[in-house]
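Atoms considered below: every heavy atom in the structure, side chains included; atoms not considered: hydrogens, waters and symmetry mates.
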Amino acid sequence: MKVALLGPIAWRTPPLHYGPWELITSLITEGLVARGVDVTLFATLDSVTAASLDGVVPTGYEENDEIDGRVWEAIHVSHALERSGEFDLIHNHLDWLPLAFSAHCRAPMLTTIHGFSGQNILPAYRRSRSHFVSISDSDRSPDLEYVATVHHGIDLRGLPFHPDGGDDLILFGRIHPDKGTDIAIEIARRAGRRLIMCGIVQDRDYFAEKVEPMIDGEGVIYRGSVGPEERAGILGSGAALLHPIRFAEPFGLSVVEAMACGTPVIAYRNGSMPEVVDEGVTGYVVDTVDEAVAAVGMIAAVDRAACSARARLRFSADRMVEEYLAIYRKIIS
């Protein structure tokens, strides 16, 4: 089996800090190589992989202001599809753009839909010649047919179990209104807990107006963008991870990473959260600030070992890779 992974190029694969699509692409690529599959990864040229690496852009466009993402994504897709006849299957992780040219792909295409940015991109999906995988049942469009839902997997080797945790509440993710950063600050204040925040600032106006004034270095601490070396330590150090999202979260990698470390999650009932969080075992799903504060008061009742065990059972990278391999075989046959 010869498989091409068509990865995104916003960041390096795997990412140094932020880059969830690149992270999942990397985990699948390395898992396939470990199973003896002949894999070519189309990604930025500074990517690190055991597969054959091919690409056209030296580094991610989010990391270099001189690289226009619209231009180089098109060149990247064109380059990969030019080689498509060499492979048994193309696994697309680059959203809608390769779908617009899927008629020119000389191998079956499988697209993992990492989330819809809006209804206006659906025509590219409906007109394409691709098979589709959703990353949660909640993120499925009624206008599309899917071959499967495959929940994301995580690299459990880098997420050791932390049996004790601590008293702090953790917020891990991009600083954006969708992620409810200001809501998390309010929950922590009312619960009387310190809040540790980590993530890139994606909405600078929102950060300046709603978040930065609340950062005092005591009750609210912001540690910026955190790389893989610090990620597990921070996620495992909290009493709970807060995820008070305002949007339909397609999956939520930081949520399952925290649970794998033994830290339960308090999440708003949006998108995939009821699907990902096992009530009372890996955390609580709530609807309001009042309910979130009450959940903080109950968080000590969650057994951290059971939380970690459930997350490791449901969300390992090995499970994810095996599910994709079964889909590949079905499509190719």
Next item on the list: Step through the shown structure and confirm whether more than 12 heavy atoms of other residues, nucleotides or ligands are within 6.0 Å of CD on Glu145.
Entry: no
Checklist line | For Asp68, salt bridge (charged side-chain N to carboxylate O under 4.0 Å, His left out) partners two or more places apart | finding: Arg70
Next item on the list: If a pair satisfies side chain to side chain donor-acceptor pair (under 3.5 Å) and one of its residues is in residues 152-175, list it, with sequence neighbours excluded.
Entry: Asp155-Arg157, Asp168-Arg194, Arg174-Gln202
Next item on the list: Could you pull out all residues at least two apart from His76 that satisfy ring-ring contact (aromatic ring centres under 6.0 Å, His included)?
Entry: none
Atom pairs and distances, side-chain donor-acceptor, residues 207-214, under 3.5 Å, sequence neighbours left out:
none

Next item on the list: Report the residues that fulfil side chain to side chain contact (heavy atoms under 4.5 Å, CB included) with Val293, sequence neighbours left out, ordered by chain and then residue number.
Entry: Ile187, Arg190, Ala191, Val289
Checklist line | By salt bridge (charged side-chain N to carboxylate O under 4.0 Å, His left out) - contacts of Glu291 (at least two apart) | finding: none
Notebook entry, point to check: Got a salt bridge between Lys179 and Glu249, using NZ or NE/NH1/NH2 to carboxylate O under 4.0 Å?
Noted result: yes
Check: Taking only residues two or more places apart in sequence, or in another chain, which ones meet Tyr206 in a ring-ring contact (aromatic ring centres under 6.0 Å, His included)?
Finding: none
Note to self: Less than 4.0 angstrom from a charged side-chain N to a carboxylate O is my criterion; do Arg12 and Glu22 meet it?
What the structure shows: no
Note to self: Salt bridge or not between Glu322 and Arg319? Use side-chain N to carboxylate O under 4.0 Å.
What the structure shows: no
Notebook entry, point to check: Is the Tyr146 to His131 ring centre distance short of 6.0 Å?
Noted result: no
Item checked: Partner set under side chain to side chain donor-acceptor pair (under 3.5 Å) for Glu73, not counting sequence neighbours -> Tyr61
Notebook entry, point to check: If you link I, L, V, M, F, W and Y whenever their side-chain heavy atoms are under 4.5 Å apart, who else ends up in the same group as Trp21?
Noted result: none
Check: Does any pair with a residue in residues 111-131 pass salt bridge (Lys or Arg N to Asp or Glu O under 4.0 Å), and if so which ones, sequence neighbours excluded?
Finding: Arg126-Asp143
Next item on the list: Would you mind listing every side chain to side chain donor-acceptor pair (under 3.5 Å) that reaches into residues 260-272, with sequence neighbours excluded?
Entry: Thr263-Arg304, Arg269-Asp287
Next item on the list: For the residue pair Phe132 and Tyr125, categorise the inter-ring angle as parallel (less than 30°), tilted (30 to 60°) or perpendicular (more than 60°).
Entry: tilted
In residues 50-57, what donor-acceptor pairs under 3.5 Å come from side-chain atoms, sequence neighbours left out?
{"unit_1": "Asp54", "atom_1": "OD1", "unit_2": "His79", "atom_2": "NE2", "d": "3.1"}
{"unit_1": "Asp54", "atom_1": "OD2", "unit_2": "His79", "atom_2": "NE2", "d": "2.9"}
{"unit_1": "Asp54", "atom_1": "OD2", "unit_2": "Arg83", "atom_2": "NH1", "d": "2.8"}

